[in-house]
There are 2 protein chains.
Amino acid sequence: MSSSILDESLGFRLGMTYRKASQILTQRFKPYDMTPEQYTLLVRLVEEDGINQKELAQRTARDQPTLTRILDVLERKGLVRKETDPSDRRAFLLYITDEGRKKAEELIPIEKAYDKELFAGMTPEQITQFRQSLMLLYKNAEGLILHN
Amino acid sequence: MSSSILDESLGFRLGMTYRKASQILTQRFKPYDMTPEQYTLLVRLVEEDGINQKELAQRTARDQPTLTRILDVLERKGLVRKETDPSDRRAFLLYITDEGRKKAEELIPIEKAYDKELFAGMTPEQITQFRQSLMLLYKNAEGLILHN
DNA sequence: TTTCATTAGTTAGTATACTAATTATAATAT
DNA sequence: ATATTATAATTAGTATACTAACTAATGAAA
């Protein structure tokens, strides 16, 4: 029974777990010259492209400045293409390239396998419960945002 | 039932949840000129000081370079003090200052309240289960590190 | 005791994440 | 039509996180 304030804090435990999990996936992606963050954008665009940056930001739970920078990298690598939206010249429509699709399809099984290893030892019911808890936490946190 | 690769990925969900939760705590700590990361070091030192940086890094689940930089900030703010270890001149022993202790004690109830709000709607059993799942994930991830 | 390996901490380099401010375009309201 | 407001994306600034390389001190071995 730990009496540490930090160990008690679920927020802290959530953070340390995320950092460790992210660190391992970063290692595994490194030989493919890809980060987990870049990967999420790529995968989202494989599923649906022709959307703009604001939409992609929402669908990957990232803010727009972060997205801009990661997209720069993906564009430089030739995995993603930007076209100005003819109906709104402020916006860009994002398209995945053939190379980007190939890269994503190479990495998806690696990420899936990692996910499985990460959750080894948990029953399907526990995993479902964990997933639902994460979703509740996200909703709770969203509701606590200060809007200025 | 979503068929999105990203939504299916528990690692991605873990990350988006952590980021959102961290973002809100960052907002709440801002009036106190404190980040969640700085806070964790401070709280750990309130519980036990006179340890060196390597030990503090382990106890807060952070790597040493990150620790060095955050400690710089805390030292500049006068919340933490470093003394060279007389028995090992490579190492520093870390001490919390009176001001640091006061700051920590001011923020601890804020973080605790936030944790409670974050987990609103979950039963104690669900929270316990969630905590145990996080601990299992951490252990699993640790076991998957590539050691060179 | 001199060499070699290890260890504590830092520095350098890269990537991510957020807020706030800016630019350019679009949409709305007089 | 013109002025105002809102929006998409970017830029600037700060903070965190990691790996790799480095410095200084320690410890162990020949």
Side-chain angles (χ1 to χ4, degrees), chain A residues 15-31 33-41 51-58 60-77 82-94 141 145-148, chain B residues 15-31 33-41 51-58 60-77 82-94 141 145-148:
Chain A
M16 70 182 259
T17 303
Y18 158 73
R19 287 199 309 275
K20 186 61 72 184
S22 165
Q23 185 187 345
I24 312 304
L25 188 59
T26 301
Q27 282 188 350
R28 295 207 176 172
F29 276 176
K30 196 166 187 186
D33 188 30
M34 179 71 34
T35 67
E37 292 81 7
Q38 291 165 25
Y39 168 82
T40 58
L41 300 199
I51 60 178
N52 67 25
Q53 295 187 198
K54 189 189 175 68
E55 289 166 334
L56 183 59
Q58 285 163 351
T60 53
R62 283 185 165 85
D63 57 294
Q64 285 196 47
T66 299
L67 202 76
T68 295
R69 293 216 179 84
I70 302 180
L71 280 174
D72 281 350
V73 177
L74 292 175
E75 215 185 353
R76 248 186 290 126
K77 289 181 182 172
K82 282 161 87 166
E83 285 180 22
T84 52
D85 183 344
S87 75
D88 183 346
R89 288 192 340 230
R90 289 171 305 182
F92 294 104
L93 300 183
L94 302 170
I145 292 181
L146 287 174
H147 297 289
N148 304 313
Chain B
M16 71 183 259
T17 303
Y18 158 74
R19 285 199 310 276
K20 187 58 74 183
S22 165
Q23 185 187 345
I24 312 303
L25 188 60
T26 302
Q27 283 187 350
R28 295 207 178 173
F29 275 177
K30 195 166 187 188
D33 187 31
M34 179 69 35
T35 66
E37 292 81 7
Q38 292 164 26
Y39 168 82
T40 57
L41 300 199
I51 59 178
N52 67 25
Q53 294 187 200
K54 189 186 174 69
E55 288 166 333
L56 183 59
Q58 286 163 350
T60 54
R62 283 184 165 86
D63 57 293
Q64 285 196 48
T66 298
L67 202 76
T68 295
R69 291 215 181 85
I70 302 180
L71 280 174
D72 281 350
V73 177
L74 292 175
E75 214 184 354
R76 246 186 292 127
K77 290 181 181 172
K82 283 161 88 167
E83 285 180 21
T84 52
D85 184 344
S87 75
D88 183 346
R89 287 189 342 225
R90 287 172 306 181
F92 295 105
L93 300 184
L94 302 170
I145 292 182
L146 286 174
H147 298 288
N148 304 313

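Predicted model only: the values in this text are computed from it and were never measured. So you know, we letter chains A, B, ... as the sequences are listed, proteins then strands, and number each from 1.
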Return whichever of A:K30 or A:K54 has its heavy-atom-nearest nucleotide of DNA chain D closer to the 5' end. A:K54

Looking at A:Q53, I'd like to know whether one of its side-chain N or O atoms comes within less than 4.0 Å of OP1 or OP2 on D:dA8. no

Given atom CD of B:Q38 and atom C1' of C:dC18, what is their separation to the nearest angstrom? 14 Å

To the nearest Å, give me how far apart CG (A:L25) and C1' (C:dT16) are. 14 Å

Separation of atom CG in A:D63 from atom C1' in C:dA21, rounded to whole Å: 15 Å

Counting only side-chain nitrogens and oxygens, does B:Q23 get under 4.0 Å of the OP1 or OP2 atom of C:dT19? yes

Closest of C:dG13, C:dG9, C:dT16 to the B:R69 side chain is C:dG13

Return no unless some side-chain N or O of A:Q64 is found under 4.0 Å from OP1 or OP2 of C:dA17. no

Using a 4.0 Å heavy-atom cut-off across all strands, classify B:K20 as base, sugar-phosphate, or nothing. nothing

By salt bridge (charged side-chain N to carboxylate O under 4.0 Å, His left out), A:D88 pairs with (sequence neighbours left out) A:R90

Does a nitrogen or oxygen in the side chain of B:R90 sit under 4.0 Å from OP1 or OP2 of C:dG9? no

To the nearest Å, how far apart are A:I70 CD1 and D:dA17 P? 17 Å

Looking at every strand, decide which applies to B:E37 at a 4.0 Å heavy-atom threshold: base, sugar-phosphate, or nothing. sugar-phosphate

Separation of D:dA15 C1' from B:L41 CG (nearest whole Å): 13 Å

Report which part of the nucleic acid B:T35 touches: base, sugar-phosphate, or nothing (heavy-atom distance under 4.0 Å, all strands). sugar-phosphate

Please list, chain by chain and in numerical order, all residues satisfying salt bridge (charged side-chain N to carboxylate O under 4.0 Å, His left out) with B:K82, sequence neighbours excluded. none

Should B:Q38 and B:L74 count as side-chain neighbours, where that means a heavy-atom distance under 4.5 Å? yes

Atom CZ of B:R28 and atom C1' of C:dC18 are separated, to the nearest Å, by 17 Å

Determine, step by step, whether A:T40 and A:R62 satisfy the side-chain contact (heavy atoms from CB on, under 4.5 Å) criterion, reporting the C-alpha distance in whole Å, the side-chain angles of both residues, the deciding distance to 0.1 Å, and the verdict. CA-CA 10 Å; A:T40 58; A:R62 283 185 165 85; 3.2 Å; yes

Assign the ring pair A:Y39 / A:F29 to parallel, tilted or perpendicular, where the plane angle (0 to 90°) is split at 30° and 60°. tilted

Whole-Å distance separating the CZ atom of B:R89 from the C1' atom of C:dA8: 13 Å

Phosphate-side-chain proximity, A:R62 and C:dA17, N/O vs OP1/OP2 below 4.0 Å: yes

What contact category does A:D88 fall into here, base, sugar-phosphate, or nothing, at under 4.0 angstrom with non-hydrogen atoms? sugar-phosphate

Are the side chains of A:L56 and A:L71 in touch, meaning some heavy atoms are under 4.5 Å apart? yes

Roughly how many Å is it from CG in A:L74 to P in C:dT16, rounded to a whole number? 8 Å

Check whether any side-chain N or O of A:R19 sits under 4.0 Å from OP1 or OP2 of D:dA17, and answer yes or no. yes

Identify which nucleotide among C:dT16, D:dC18, C:dT19 has an atom closest to any side-chain atom of B:Q27, counting heavy atoms from C-beta outward. C:dT19

Contacts of A:Y18 and A:S87 projected onto DNA chain C by closest heavy atom; the upstream (5') one is A:Y18

Is there a side-chain contact between A:T26 and A:K30 (heavy atoms, below 4.5 Å)? no

Minimum side-chain heavy-atom gap B:N52-B:D85 below 4.5 Å: no

Touch check for A:D85, heavy atoms < 4.0 angstrom, all strands: base, sugar-phosphate only, or nothing? nothing

Rounded to the nearest 0.5 Å, how far does CD1 of A:I51 lie from CG of A:L94? 6.5 Å

Would you work out how much the helix from C:dT1-D:dA30 to C:dT30-D:dA1 bends between its ends, with each end axis defined by five base pairs, to 10 degrees? 0°

When all nucleic acid strands are considered with a 4.0 Å heavy-atom cut-off, which category describes B:L67: base, sugar-phosphate, or nothing? nothing

Choosing from D:dT10, C:dC18, C:dA15, which nucleotide comes nearest the side chain of A:F92? D:dT10

Of A:P86 and A:P65, the one whose closest DNA chain C nucleotide lies more 5': A:P65

Would you say D:dA9 has OP1 or OP2 under 4.0 Å from some side-chain N or O of A:T68? no

